S.K.: 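Let me begin by handing over the structure; questions about it come next.
Both ligands and their constituent atoms are indexed starting at 1 by order of listing. These numbers were taken from a predicted model, which means no experiment stands behind them.
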Amino acid sequence: MSQPTQAVIFDLDGVLTDTAELHYQSWQWLMDEMGIPFDRQRNEALRGLSRTESLETILGDKSSEFTAEQKAEIARRKNDDYLSRAMKMTPADLLPGAGELLNELRRRGILIAVASSSRNAEAVLDRLQIRPLLDVLVDGNDVPNSKPNPRVFLEAAERLGVPPARCVVVEDAASGVAAARAAGMRVVGIGPAERVGRAHRIKPAIADLPADELLELPEA
Ligand code: BG6
Ligand code: MG
C-alpha cells in the first residue's frame with residue numbers, strides 16, 4: 001500500500017492547458033519555412049523537452065550544419081511565434097476539468113505544484129489566472145536539465161516540503177513520465193498508451209481523472 005498522498009505535481013503544457021498544440025504549431029510553421037521535415041508524429045517526442053533540446057531533436061543529423069548563433073536565432077523565432085499565440089489565451093483555455101480538480105485538491109488540503117520544462121510557464125499561468133491555486137512553481141528557468149531528468153519534480157517536492165513517495169505527478173509526455181518515475185513518484189499519464197504507457201495509470205484527458213482516484217493511486 002502506498003503512503004497517503006500529500007501533494008500533486010502537475011505538468012503544465014498539454015495537461016492543464018493545450019499549449020502543447022501551440023508549441024507544435026510554432027515548430028511546424030518554422031520548419032516549413034526552413035524546409036526541414038517535421039510533422040505531428042515527430043512532435044510527440046518533443047513533449048517535455050526544453051526549447052534547445054527540442055530543436056536538437058528536430059535537427060538530428062543536420063545539427064552540425066548550424067552554428068550556435070543560428071540555432072539560438074531559430075529558437076528565438078520559435079519562441080516569439082509561440083508567445084504570439086500563447087499570450088492570446090484566457091482562463092477559458094484551461095482544459096475541461098482542470099480548474100475543478102485544482103479547486104477540489106485545495107479544498108482537501110492537498111499541496112499543489114506545477115513542474116514544467118517551459119521558460120514561459122509563469123506567463124501562461126498568468127494568462128490562465130491559476131497562479132493563486134498553486135503552492136509552488138518550478139520551471140525551465142529554475143532547472144537547467146529538462147525531463148526525463150527528475151530534477152524538476154524533486155525540486156518541486158523539496159520546495160513543498162513533501163517526500164517524493166507522497167507526491168503524485170500528472171504528465172502528458174513520455175519524458176515526463178520517465179522523470180516522475182526516476183524521482184520515485186507515482187504518475188498518471190494523460191494521453192495515448194503509446195506515449196504515456198509507463199505511467200501507473202493512464203487517462204485520455206484530465207477531465208477523466210477524479211480527485212479520489214488521483215489521491216488513492218497505488219504503486220505499480
Ligand atoms: C514543455 C513542452 O512544457 O516546455 C515542450 O512540453 C516545450 O514542448 C518546453 O518545448 C519548453 O518550452 P518553452 O516555453 O521554454 O519554449
Ligand atoms: Mg506537457
S.K.: Among the N/O/S atoms of Asp13, which is closest to the Mg ion (ligand 2)? Give the atom name.
M.R.: O
S.K.: Return a yes/no value for Tyr82: is any of its N or O atoms, backbone included, closer than 3.5 angstrom to an N or O of ligand 1?
M.R.: no
S.K.: Does an N or O anywhere in Trp27 fall below 3.5 Å from an N or O of ligand 1?
M.R.: no
S.K.: Side chains of Asn79 and Asn120: is there a donor and an acceptor less than 3.5 Å apart?
M.R.: yes
S.K.: Could you verify whether a donor N or O on one side chain and an acceptor N or O on the other, from Arg186 and Thr5, lie under 3.5 Å apart?
M.R.: yes
S.K.: Closer than 4.0 Å to some heavy atom of Ser116 - which atoms of ligand 1 meet that?
M.R.: 3 (O)
S.K.: So, Asp142 and Arg159, do they make that salt bridge, N to O below 4.0 Å?
M.R.: yes
S.K.: Looking at Ala115 and Ile9, what are the two nearest heavy atoms and their distance?
M.R.: CB-CG2, 3.6 Å
S.K.: Suppose I only count heavy atoms of Ser54 and a 4.0 Å limit; which atoms of ligand 1 are within that range?
M.R.: 10 (O)
S.K.: Among side-chain atoms of Lys71 and Ser63, is any donor-acceptor pair under 3.5 angstrom?
M.R.: yes
S.K.: Any atoms of ligand 1 less than 4.0 Å from a non-hydrogen atom of Gly48? List them with their elements.
M.R.: 2 (C), 5 (C), 6 (O)
S.K.: Determine whether the side chains of Asn145 and Arg151 contain a donor N or O and an acceptor N or O closer than 3.5 Å.
M.R.: no
S.K.: Measure from the Mg ion (ligand 2) to every N/O/S atom of Asp11 and report the name of the nearest one.
M.R.: OD2
S.K.: On a heavy-atom basis, I'd like to know which of Arg51, Glu171, His23 is closest to atom 16 (O) of ligand 1.
M.R.: Arg51
S.K.: With respect to the Mg ion (ligand 2), what is the nearest N, O or S atom of Asp172?
M.R.: OD1
S.K.: Under a 4.0 angstrom heavy-atom cut-off, which atoms of ligand 1 come close to Leu49?
M.R.: 5 (C), 7 (C), 9 (C), 10 (O), 11 (C)
S.K.: Going by heavy atoms, is Leu46 under 4.0 Å from ligand 1?
M.R.: yes
S.K.: For atom 1 (C) of ligand 1, which candidate among Asp13, Asn43, Asp11 holds the nearest heavy atom?
M.R.: Asp13
S.K.: How close do Leu94 and Ala98 get, counting heavy atoms only, and between which atoms?
M.R.: CD2-CB, 4.0 Å
S.K.: Please name the residue in the list Arg198, Lys203, Arg201, Lys147 that meets the salt bridge (Lys or Arg N to Asp or Glu O under 4.0 Å) test with Glu171.
M.R.: Lys147
S.K.: Regarding Arg40 and Glu21, does a basic nitrogen lie under 4.0 Å from an acidic carboxylate oxygen?
M.R.: yes
S.K.: Which residue supplies the protein heavy atom nearest to atom 13 (P) of ligand 1, what is that atom called, and how far is it?
M.R.: Ser118 OG, 3.5 Å
S.K.: Would you say the side chain of Val124 lies within less than 4.5 Å of the side chain of Met89, judging by non-hydrogen atoms?
M.R.: yes
S.K.: Just jot down the ligand 1 atoms closer than 4.0 angstrom to any heavy atom of Arg47, in number order.
M.R.: 6 (O)
S.K.: Could you tell me the residue and atom name of the protein heavy atom closest to atom 15 (O) of ligand 1, and the distance to it rounded to 0.1 Å?
M.R.: Arg119 N, 2.7 Å
